[in-house]
Amino acid sequence: MSGWDPGSDRYPGSNPNWMSRLPPRLHDVPLWELAIPGSHDSMSFCLDASSPLLPSLPCIVTLCDRLLPRCTRTCVSRWATTQQSVLSQQCDLGVRFLDLRVAKKPQAGGELFFAHGLYTKLLVKEVPTLRSCWVKGQQLVVSYDREQVQRPELWPGIPYWYADSPNPQKVVSYLEERQRAGRPAGFYVCGLNLTEDAACVLLRPLDDLKKMTVKAASPLLRWAAAQHAGPGTAAVNIICCDFVGLLADFCARVIALNYKPLLAVATATQNFLLI
């Protein structure tokens, strides 16, 4: 894996410059033929437990919120917090796909917040222009998955393969089933994130998603490490995970998938020369 050293950056597990360190042969391939680490619900590190619940939550949760709002919102916050690292730390780890949910908070005027079960403490304030992006050296591909609003400067919605299960084995089985059917032609996401139903969130107030994620990490990370990047129908593109900072080697495993096709070609060439 010449050109990439996961231990050479700011702190163990960080990979802030991994894209620029890829071998030149990968510089001109489509971005959907690279393996790219992503974070699920990237802004959930700053959820506001005192904010209103999102109206999209199940009815049983909103009913409990009317009766016991403080307790209910604390429970939702524990299960909706999927990240602990701020965005700069996530990017330093190697994350290059950010899952941002934007919504208007009731009685907050026209201000926009990030959201996941609850609204965040931070407002959505970025107003980028071409000049500001150029000055800062920023390069973004922005996708928007609301079919009613499509603009030529936005990439259409990126398919997100999501098992909607708390069982890591079911997550792996779901992803493998989708792979057998063939991948989308462009960008797509394999979600390693786990999900509990509303009853579990309310009946297990002392547990949280972090405990569940850590307990289930091994089979999910093994699946990720067994994948490969490239143009094939079974190749992965973006892989998203909860608590990318807690699972410190997640990004490194995904980044390493970009080198697998190169190593396979080198081995095949060597075998050919030995014949």
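Sequential numbering from 1 along the given sequence is applied to the chain's residues. Note: hydrogens, waters and symmetry copies are ignored here, and every other heavy atom, side chains too, is used.
Note that the OG atom of S42 and the CZ atom of F114 stand 9.5 Å from one another [nearest 0.5 Å]. Here NZ of K170 is found 12.0 Å from CG of L194. Values are rounded to the nearest 0.5 Å. Put simply, NE2 on H116 and OG1 on T82 are 6.0 Å apart, with the number rounded to the nearest 0.5 Å. With rounding to the nearest 0.5 angstrom, the CD1 atom of I255 is 11.0 Å from the CG atom of D249. Here the CH2 atom belonging to W161 is positioned 6.0 Å from the CD atom belonging to Q179, to the nearest 0.5 angstrom. For the atom pair CZ (R178) and OG (S173), the distance works out to 14.0 Å, reported to the nearest 0.5 Å.
Between L57 and D65, the closest side-chain pair of non-hydrogen atoms is not below 4.5 Å. L247 has its side chain within reach of T213: a pair of non-hydrogen atoms, C-beta onward, lies under 4.5 Å apart. Considering only heavy atoms from C-beta on, L47 stays 4.5 Å or farther from V76 through its side chain. Looking at heavy atoms from C-beta onward, C251 lies out of side-chain contact with W18 at the 4.5 angstrom threshold. The shortest distance between side-chain heavy atoms of R73 and S50 does not fall below 4.5 Å. Contact of the L118 side chain with the L53 side chain is registered, since non-hydrogen atoms from C-beta on lie closer than 4.5 Å. Side chains of L192 and F250 form a contact here, defined as non-hydrogen atoms less than 4.5 Å apart. In this structure, M43 and F113 have side chains that are not in contact, with every pair of non-hydrogen atoms separated by 4.5 Å or more.
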(message) One pair to check against side chain to side chain contact (heavy atoms under 4.5 Å, CB included): L209 and T81. What are the steps and the verdict?
(response) CA-CA 7 Å; L209 188 59; T81 300; over 6 Å; no

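By the 30° and 60° cut-offs, the orientation of the rings of Y160 relative to F97 is tilted.
When only modelled atom types and interatomic distance are considered, S39 and Q90 share a side-chain donor-acceptor pair under 3.5 Å. Residues Y174 and N167 bring no donor and acceptor atom of their side chains to less than 3.5 Å of each other.
The closest donor-acceptor contact from the side chain of R183 to the backbone of G186 lies under 3.5 Å. A donor-acceptor pair is defined here as one N or O able to donate and one able to accept, closer than 3.5 Å; such a pair exists between the side chain of R96 and the backbone of C91. Within the 3.5 Å criterion, the main-chain N or O of D92 finds no donor-acceptor partner in the side chain of S14.
Considering all non-hydrogen atoms of both residues, S85 and F45 come closest at O-CD2, 3.3 Å. V244 approaches L93 most closely through the heavy-atom pair O-CD1, 3.6 Å. When every heavy atom of E196 is checked against every heavy atom of W79, the shortest pair comes out as CG-CZ3, 3.5 Å. Among all heavy-atom pairs drawn from P37 and G94, the shortest one is CG-O, 3.6 Å. Looking at every heavy atom in both residues, L257 comes nearest to A225 through CD2-O, 3.7 Å.
The salt bridge (Lys or Arg N to Asp or Glu O under 4.0 Å) test applied to R101 returns D41, D99, not counting sequence neighbours.
Criterion: ILVMFWY side-chain heavy atoms under 4.5 Å apart, direct or through other members. Under it, L63 and L54 are not part of a common hydrophobic cluster. Cluster annotation: V214 is connected to W223 through the hydrophobic network of ILVMFWY side chains, with a link wherever side-chain heavy atoms come within less than 4.5 Å. When the side chains of ILVMFWY residues are joined at heavy-atom separations under 4.5 Å, either directly or via intervening members, V102 and L87 end up in a single hydrophobic cluster.
Counting non-hydrogen atoms of other residues, nucleotides and ligands closer than 6.0 Å to NZ of K210 gives a total of 12 or fewer.
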Kindly list each side-chain donor-acceptor pair under 3.5 angstrom involving residues 228-243, sequence neighbours excluded, with atom names and distances?
| from | atom 1 | to | atom 2 | distance (Å) |
| --- | --- | --- | --- | --- |
| N237 | OD1 | Y188 | N | 3.1 |
| N237 | ND2 | L31 | O | 3.2 |
| N237 | ND2 | L34 | O | 2.9 |
| D242 | OD1 | H40 | ND1 | 2.7 |

